[in-house]
Amino acid sequence: MSKTRSTFFLGLARTLGILVQLISVPIVWDVLGKEMFGVCFFLIAVGRWVSLIDIGYADGAQRLITRAFDSGDREQGFAVFFTHLSLILLHAIVGFSVFVGLAWVVHIPEIHATGAPLSLFFAGACVFAAQYLFQGITMYFNASRQFRYLSLANGSQFLISGLLALGLTLYYRTPQAYLAGFAIGNGAIFVFNAIRAVSQARAEGAHPTFDTGAFKYCFGFGAKLYLTRVSSVTIGTFDRIAITNVLGPAQLTPYANAARIPEAANEALPLNQTLLPDYTRAAMEGERQFAEIVDRGTRISLMAGCGLIFVPAAFGGPVLHLWLGSKYVPEMAVIMALIGLFRAFETFFGGLAQAILAHGTPQKVTWLTMVNAALILAFTYPVAAAWGIVGVAALRVAIHIVQFVPVCWYLGRFVVSGIAFLPWVERLGGTIGVAGVFAAGGYWASHTEIMASHPWLALLAAPLAAAIFFYVTDRLGLAPIPTGIKKRVRALVVRQRA
């Protein structure tokens, strides 16, 4: 399957599942209430921190499996897989125990006021374990390039967990039930994926084993990247921890749901997941080939992030009003636009991280993420206290803007030395500038009287603006629309004219 088609199927399957979860939000909000819904968001964020008990075996394992399969040594590839599987099972058990133990350590008044803090943390621990295992095993399908199956598994995970969470919440009407739905859905898909992967291994004569050499390599590779993972978790979740502690979980609910659509769009955009195998192969071929594919891949990543996340997020006011009804408040539109830009940057930085991993020098990305995390740790609490949830969203964007050029310089200087730095950065900056113009226009349009009276127009205007943005960006030579997509669009136009 081609890269474009693989990415398309993976994105489509995820989108269907995410839509179910988005549709359920106003229903769950009504059932649980603003405060308890915020508690659920908080506990899910805590799970990301608990996942740090894993030093990061998956990155090294995916690298080893990709190399083994590409070289034809499938026996070694499956040996690495079984080693990784045993490690994530062990860490899921340990992490579950740690999470439950936090019920006696973490004191959030709204959680303890329920009279059942242990059951809430138990439910949160179940979500952590199920999501951790699900995400851990998808590495194998990425490494073995089973993108079509991966698209089905990811779409099923979002769809099943979303439906279960909604159904259990409506029946039991508790936050524990909402969390249990996600745990059961993720856990079921993990079991199915594990059975498929093990069956493939056994069909080729491989048997469960623990490769100590692979373990040592993955441990060393993960250790080099561990501070990066800590920083990544800080960047991704500390805003929710701070809002819960400073402003209370009731304020986390509008913030998290305003951010939910751009975050869902980011999850439905699996471009970076399919980049690592290609980057790894290019790095093995030579510096010139590596530089060419990183230049092209990162520009496409930024264009995709801006066009599919940032520009549509600028139309957030009418969309949020349609989605949430009376629960919508105007500051949510500002948050959605800011988080849209933040997620666009995250898509780009994620592409850079994949290039560094493929280069085999994960430690080189550490200081980049550590600076970002340090700024977030230093400023999120005071910003939340002074400017509330809008200030927290703005802080995340400001940090990425400050880091953008230094990060690009560092990559070009120490990782991909063959890349033409100035033309590359000029094109990246041009893409952000064009996206900013479209987003500003979209934000203004979404606050006009006609769109306020007919908010459904935003559902038409947002994809139209994104399509025009892609066309302009491609025509200006800032980033290329992938060839596979161009061919499909041209074929569609020809058929319509015929």
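Numbers for residues simply follow the sequence, beginning at 1.
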**OP:** Calculate, to the nearest 0.5 Å, the distance between atoms CG and CG belonging to Leu375 and Leu395 respectively.
**Re:** 8.0 Å
Original post:
If you take all heavy atoms of Phe315 and Ala461, which pair is closest and at what distance?
Top reply: CE2-CB, 3.6 Å
**OP:** Test side chain to side chain contact (heavy atoms under 4.5 Å, CB included) on Thr114 and Met36 and set out the steps.
**Re:** CA-CA 9 Å; Thr114 65; Met36 284 299 103; 3.7 Å; yes
**OP:** Of all the heavy-atom pairs spanning Leu120 and Ile111, show the shortest one and how long it is.
**Re:** CD1-CG2, 3.8 Å
Subject >> Exam field: side chain Thr244 to backbone Arg240, donor-acceptor pair closer than 3.5 Å >> reply: yes
Original post:
For the residue pair Arg299 and Pro480, what are the closest heavy atoms and their distance?
Top reply: NH1-CD, 3.5 Å
Original post:
Phe345 and Ile401: side chain to side chain contact (heavy atoms under 4.5 Å, CB included), yes or no, with the steps?
Top reply: CA-CA 8 Å; Phe345 275 117; Ile401 291 174; 3.9 Å; yes
Original post:
Going through the distances and angles, do Phe42 and Val46 end up as a side chain to side chain contact (heavy atoms under 4.5 Å, CB included)?
Top reply: CA-CA 6 Å; Phe42 169 75; Val46 170; 3.8 Å; yes
**OP:** May I ask you to test the Ser232-Thr369 pair for a side-chain heavy-atom distance under 4.5 Å?
**Re:** no
Subject >> Verdict with supporting geometry, Val31 and Leu170, side chain to side chain contact (heavy atoms under 4.5 Å, CB included) >> reply: CA-CA 7 Å; Val31 173; Leu170 289 173; 4.0 Å; yes
Original post:
Counting distance only, does the side-chain N/O of Arg396 pair as donor-acceptor with the main-chain N or O of Ile339 below 3.5 Å?
Top reply: no
Original post:
Quick check: does any side chain N or O of Thr298 sit under 3.5 Å from a backbone N or O of Asp295, one acting as donor and the other as acceptor?
Top reply: yes
**OP:** Report yes or no: does Thr473 contribute a side-chain atom to a donor-acceptor pair with the main-chain N or O of Phe470 at less than 3.5 Å?
**Re:** no
Subject >> Straight-line distance of Asp474 CG to Phe469 CZ, nearest 0.5 Å >> reply: 10.5 Å
Subject >> Asn193 side, atom CG; Thr138 side, atom OG1 - distance, nearest 0.5 Å >> reply: 8.0 Å
Original post:
So do Asp239 and Ile376 actually touch side chain to side chain, heavy atoms under 4.5 Å?
Top reply: no
Subject >> Thr253 and Trp29 side chains, donor-acceptor separation under 3.5 Å >> reply: no
**OP:** Assert yes or no for the condition that the ring centre distance of Phe348 to Phe404 is strictly below 6.0 Å.
**Re:** yes
Subject >> Thr448 side-chain N/O to Trp444 backbone N/O, donor-acceptor pair under 3.5 Å >> reply: no
**OP:** Determine whether the side chains of Thr347 and Asn266 contain a donor N or O and an acceptor N or O closer than 3.5 Å.
**Re:** yes
**OP:** Please examine the side chains of Leu43 and Phe121, heavy atoms only from C-beta on, and report whether any two atoms are closer than 4.5 Å.
**Re:** yes
Subject >> Phe379-Phe238 aromatic ring centre distance below 6.0 Å >> reply: no
Subject >> NZ on Lys34 to CD on Glu110, rounded to 0.5 Å >> reply: 12.0 Å
Subject >> Within-4.5 Å side-chain heavy-atom neighbours: Gln403 and Tyr410 >> reply: no
Original post:
Hey, are the side chains of Ile108 and Asn245 touching, using non-hydrogen atoms and a 4.5 Å cut-off?
Top reply: yes
**OP:** Count the heavy atoms belonging to other residues, nucleotides or ligands that lie under 6.0 Å from OH of Tyr149, then report whether that count exceeds 12.
**Re:** yes
**OP:** Please work out whether the ring planes of Phe349 and His400 are parallel, tilted or perpendicular, with thresholds of 30° and 60°.
**Re:** tilted
**OP:** Write down the atom of Ala129, the atom of Ala92, and the distance for their closest heavy-atom approach.
**Re:** CB-O, 4.3 Å
Original post:
Just by distance, do the side chain of His454 and the backbone of Ile450 share a donor-acceptor pair under 3.5 Å?
Top reply: yes
Original post:
Does any non-hydrogen side-chain atom of Val50 lie less than 4.5 Å from one of Tyr132?
Top reply: no
**OP:** Give, for atom OH of Tyr140 and atom CZ of Arg196, the distance between the pair rounded to the nearest 0.5 Å.
**Re:** 8.0 Å
Original post:
How long is the span from the CD atom in Gln62 to the CZ atom in Phe141, to the nearest 0.5 Å?
Top reply: 12.5 Å
Original post:
Is a side-chain N or O of Trp323 found less than 3.5 angstrom from the main chain of Leu22, in a donor-acceptor match?
Top reply: yes
Original post:
For the residue pair Val392 and Tyr255, what are the closest heavy atoms and their distance?
Top reply: CG1-OH, 3.8 Å
Subject >> Geometric class of the Tyr328/His321 ring pair [parallel <30°, tilted 30-60°, perpendicular >60°] >> reply: perpendicular
Original post:
With a 4.5 Å limit on heavy-atom distance, are the side chains of Gln251 and Val246 in contact?
Top reply: no
Original post:
So do Ile235 and Glu346 actually touch side chain to side chain, heavy atoms under 4.5 Å?
Top reply: yes
Original post:
If every non-hydrogen atom of Gly187 is compared with every non-hydrogen atom of Ala130, which pair is closest and at what distance?
Top reply: N-CB, 3.6 Å
Original post:
Do Tyr172 and Tyr178 have ring centres separated by under 6.0 Å?
Top reply: no
